[in-house]
Amino acid sequence: ERRQGMALKSTVCKAELQISDLDRHYYATHNLTLARHPSETDERMMVRLFAFALVAGEALAFGKGLSAEDEPDLVECDRTGAIARWIDVGLPDERAVRKAAHRAREMVLFAYGGRVAEMWWQQNGGKLAGLANLTVIDVPPESSTTLASLAGRTMRLSCTIQDGVVWLADDAGNHELPLRLLQG
């Protein structure tokens, strides 16, 4: 009996994301398709979706993410095709952050992982402080855990942002998701 080696395929998740960002005056509904890499957790996928909600614009798109090195999780290009905004999720290598910041007009990093993220920031914050176009946002465990609990193959979510406070609602309820600005 021959066993076939099977490549693990990404799971496709769909999200209808309604955004009301009163701080930026951005109001839109996005129908998104997220390819979830086999090694990606619900938490990471939802932090990606959350990052989309926080910086959404017409030109924002999901990148290749975990399936490709040197690719942003989210990317926004200008009309010329240049990278206006490079957005990553997680705790990347400091050199990778520096490289991305040099390739884009603006680099935004959504760090998460609680204590591990704090340790990452202690090690890398000083080295990254010189990057004027870098914003680092910490998604604390209470927020990323709530996000993970909202994950599904099909999601209908609405995100409201007002005075820097972020709410994410699904059919089951409305959740406040605190964030911490580390740099930017």
Other residues, nucleotides and ligands only: do more than 12 of their heavy atoms fall within 6.0 Å of CG on D171?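 Atom CG in D171 is not packed in, count stays at 12 or less.
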
Member of L157, L168, L147, V89 meeting the side chain to side chain contact (heavy atoms under 4.5 Å, CB included) criterion with L49: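 Exactly one candidate clears the test, L157.
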
Of all heavy-atom pairs between [X] and [Y], which one has the smallest distance, and what is that distance?
{"X": "A51", "Y": "L74", "answer": "CB-CD1, 3.6 Å"}
{"X": "V12", "Y": "R153", "answer": "O-NE, 3.2 Å"}
{"X": "A129", "Y": "Q183", "answer": "CA-OE1, 3.7 Å"}

Quiz question: by atom type and distance under 3.5 Å, do the side chains of E43 and S144 form a donor-acceptor pair?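 The answer is yes; a qualifying pair exists.
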
Do the side-chain N and O atoms of K14 and T154 include a donor-acceptor pair separated by under 3.5 angstrom?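 No.
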
Any chain of hydrophobic side-chain contacts (each under 4.5 Å) joining [X] to [Y]?
{"X": "L60", "Y": "I83", "value": "no"}
{"X": "L128", "Y": "V116", "value": "yes"}
{"X": "V55", "Y": "L109", "value": "no"}
{"X": "L181", "Y": "V139", "value": "yes"}
{"X": "Y26", "Y": "I161", "value": "yes"}

Report the C-alpha separation of L131 and R98 in whole Å, then their side-chain angles, then the decisive distance to 0.1 Å, and conclude whether the side chain to side chain contact (heavy atoms under 4.5 Å, CB included) test is met. CA-CA 8 Å; L131 297 172; R98 193 172 289 288; 4.0 Å; yes

[X] side chain vs [Y] backbone, donor-acceptor pair below 3.5 Å:
{"X": "D170", "Y": "G173", "result": "yes"}
{"X": "W120", "Y": "D93", "result": "no"}
{"X": "D88", "Y": "D73", "result": "yes"}
{"X": "T160", "Y": "S20", "result": "no"}
{"X": "D163", "Y": "V165", "result": "no"}
{"X": "T145", "Y": "E142", "result": "no"}
{"X": "R156", "Y": "A15", "result": "no"}
{"X": "N133", "Y": "R105", "result": "yes"}
{"X": "H37", "Y": "S39", "result": "yes"}
{"X": "D23", "Y": "G164", "result": "yes"}

Using the six-membered ring wherever Trp is involved, compare the ring planes of Y27 and H25 and label them parallel, tilted or perpendicular (cut-offs 30° and 60°).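 Y27 and H25: tilted rings.
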
Are F62 and F52 close enough that their ring centers fall under 6.0 Å?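 F62 vs F52: aromatic centres under 6.0 Å.
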
How long is the straight-line distance from [atom2] of [Y] back to [atom1] of [X], given to the nearest 0.5 Å?
{"X": "E176", "Y": "S143", "atom1": "CD", "atom2": "OG", "result": "8.5 Å"}
{"X": "L54", "Y": "C159", "atom1": "CG", "atom2": "SG", "result": "5.5 Å"}
{"X": "K127", "Y": "E94", "atom1": "NZ", "atom2": "CD", "result": "5.0 Å"}
{"X": "R36", "Y": "S10", "atom1": "CZ", "atom2": "OG", "result": "10.0 Å"}
{"X": "E106", "Y": "T135", "atom1": "CD", "atom2": "OG1", "result": "5.0 Å"}
{"X": "M45", "Y": "L150", "atom1": "CE", "atom2": "CG", "result": "10.0 Å"}

Should R180 and I137 count as side-chain neighbours, where that means a heavy-atom distance under 4.5 Å?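 Contact flag for R180/I137 side chains = no.
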
Does the side chain of L17 reach to within under 4.5 Å of the side chain of F50, using non-hydrogen atoms?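 A side-chain contact under 4.5 Å is absent here.
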
With side chain to side chain contact (heavy atoms under 4.5 Å, CB included) as the criterion, how do W121 and D138 come out once you've worked through the C-alpha distance, each side chain's angles and the decisive distance to 0.1 Å? CA-CA 9 Å; W121 183 244; D138 178 49; over 6 Å; no

Let's go through I19 and H30 carefully: what are the C-alpha distance in whole Å and the side-chain angles of both, what is the deciding distance for side chain to side chain contact (heavy atoms under 4.5 Å, CB included) to 0.1 Å, and is it a yes or a no? CA-CA 8 Å; I19 302 167; H30 292 269; 3.7 Å; yes

From CA spacing to verdict: salt bridge (Lys or Arg N to Asp or Glu O under 4.0 Å), R44, E40: CA-CA 6 Å; R44 187 181 192 285; E40 188 174 38; 2.9 Å; yes

